[in-house]
2 protein chains.
Amino acid sequence: MAYQRSALMQERLAENRERILRAARTLVAQGGFRDASINAVAAAAGLSTGALYRYFPSKADLFVEVLTEAVRRECAILREIIAKPGTADQRLRAAVESFARRALEGPHLAYAFIAEPIDPEVDAARILCRQEFSDVFKTVLGQGVASGEFPPQSVDVAAACIVGAFTEALVRPVAPTTPRSKDEKLVTAIVDFCARAVAGIPVAPAKQPKRQRV
Amino acid sequence: MAYQRSALMQERLAENRERILRAARTLVAQGGFRDASINAVAAAAGLSTGALYRYFPSKADLFVEVLTEAVRRECAILREIIAKPGTADQRLRAAVESFARRALEGPHLAYAFIAEPIDPEVDAARILCRQEFSDVFKTVLGQGVASGEFPPQSVDVAAACIVGAFTEALVRPVAPTTPRSKDEKLVTAIVDFCARAVAGIPVAPAKQPKRQRV
DNA sequence: TCACAAATTTAACCAGGATTCATTTTATAC
DNA sequence: GTATAAAATGAATCCTGGTTAAATTTGTGA
């Protein structure tokens, strides 16, 4: 027999798979995992529930992939930002700002990826993803502490605090959706908070710090 | 007719109600809302499932009460702490430390009260509770900013960040339960992080800051 | 065009957990 | 002690949402 799928067909299948992942991500971004039932995802992807199971063996598998994929992208962006030249303070600010700005696009998404529980299997994957996030922030923090730009501190805890701080600050206004105009101020306030927290900079939000403390 | 419950009986009923609330809180503290099914709560309280519905009209109602009650207590403690004399820095540190220390007793509880979703009705109640938490922290922050002890900042965002920071830092280790010996360092690191974040204090974790900046 | 493999649909199926209700037990009033 | 109201039980019911599978459609190779 040696049954062979035509290139066109293969592409269509791959497209379906992508559509499912996209639909799942969109639904999570809009209403969290709660609104992302298999039925809803399938419908949003333009497929039947049954068809979805030809692409993903279970709901958990689907969302593990959605999660890791999104985190992979996010971390790549952040790593790129902190690899650029500049002080640790500048790079940390840039990373937090970028992260926060993207999270504002879909607050539920950020929340779901960091905290919202669904399934023990997915939760397990989340722990690994968080580790990846944390590592990115730890890198800058470690550099800043090593160079004396930041005071000595627990970089592990600080990294977690940064993630938590801006998650809470961004995600809370999910219920009464805040006007888009306030976003800028919110981002600035969060960035400043985190920067002060790790650097101990009294005022000067957006200025170049440059001083080296030991 | 005029059926009248004896004092003894009334007391027993009130005790049952209390027992249910206590059981629910304990179960949430141990394993989050996920482990706090109506059956489990009833069993833990030494009652049948049916009986529980004589005391609470629905699961949502029960947990709304558990939530608001716990938050009420917590806020009372915090308000007391920040009403004591001392610098804003000292009082903020004391409040965060107290909060963190109690959260470590039952990390799931803290998490469940701040983030874990169960039911739209409960989530709505949570928003009000968070407001209350936030208000407590805002009080100290506002005082510190007004007196010039803290640099100017968005006290709303900073309050949210504080809650988020230590939630994330405390709750994350829920999966692989960290050794109790590390708790002290963790609490210290979190307190320092928050203190630096609002005050911009470079080093000096537990010392008296006292300097007034304008 | 026919035979067969793969994909898809649709309609059950099933599990877990909240809620209800007929029945039993316990408390109160006379 | 008896009758009645309240409380408690625990099994039955219902609902939600993930999963499966028989039947159907579509694609592939001769």
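Here is how names work: the chains are called A, B, and so on, in the same order as the sequence lines, proteins then strands, and each is numbered from 1. As the structure is a computational prediction, the values presented were derived from the model and not from experiment.
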Considering residues at least two apart in sequence or located in another chain, which fulfil the salt bridge (Lys or Arg N to Asp or Glu O under 4.0 Å) criterion with Asp61(B)? none
Whole angstrom is fine here: how far is it from [atom1] in [X] over to [atom2] in [N]?
{"X": "Phe63(A)", "N": "dG17(D)", "atom1": "CZ", "atom2": "P", "result": "13 Å"}
{"X": "Phe56(B)", "N": "dT19(C)", "atom1": "CZ", "atom2": "P", "result": "13 Å"}
{"X": "Ile118(B)", "N": "dT16(D)", "atom1": "CD1", "atom2": "P", "result": "18 Å"}
{"X": "Arg54(A)", "N": "dA5(C)", "atom1": "CZ", "atom2": "P", "result": "14 Å"}
{"X": "Leu52(A)", "N": "dA21(D)", "atom1": "CG", "atom2": "P", "result": "17 Å"}
{"X": "Glu11(B)", "N": "dA7(D)", "atom1": "CD", "atom2": "P", "result": "15 Å"}

Please, which pairs that meet ring-ring contact (aromatic ring centres under 6.0 Å, His included) have at least one residue in residues 4-44 of chain A, sequence neighbours excluded? Phe33(A)-Phe63(A)
Sub-4.0 Å heavy-atom contacts from residues 16-29 of chain A onto DNA chain D, ordered by number: none
Residues [X] and [Y] bridged, charged N to O under 4.0 Å:
{"X": "Asp156(B)", "Y": "Lys138(B)", "answer": "yes"}
{"X": "Arg25(A)", "Y": "Glu65(A)", "answer": "no"}
{"X": "Glu168(B)", "Y": "Arg130(A)", "answer": "yes"}

Are the side chains of Phe193(A) and Ile162(B) in contact, using a 4.5 Å heavy-atom criterion? yes
Under 3.5 Å, which protein N or O atoms sit close to an N or O of nucleotides 10-17 of chain C? Give each pair with its distance.
none

Counting only side-chain nitrogens and oxygens, does Tyr55(B) get under 4.0 Å of the OP1 or OP2 atom of dA8(D)? yes
So does Arg12(B) get a side-chain nitrogen or oxygen closer than 4.0 Å to the phosphate oxygens (OP1/OP2) of dT26(C)? no
Any donor-acceptor N/O pair, Glu15(B) side chain to Leu13(B) backbone, under 3.5 Å: no
Qualifying residues under side chain to side chain contact (heavy atoms under 4.5 Å, CB included), relative to Ile77(B), sequence neighbours excluded: Ile81(B), Ser98(B), Arg102(B)
Which residues pass the side chain to side chain contact (heavy atoms under 4.5 Å, CB included) test with Tyr53(A), not counting sequence neighbours? Ile38(A)
The answer to which of Gln10(A) and Tyr53(A) contacts DNA chain D further toward the 5' end, by nearest nucleotide, is Tyr53(A)
Hey, which of these two, Leu47(A) or Pro57(B), hits DNA chain C nearer its 5' end, going by closest nucleotide? Leu47(A)
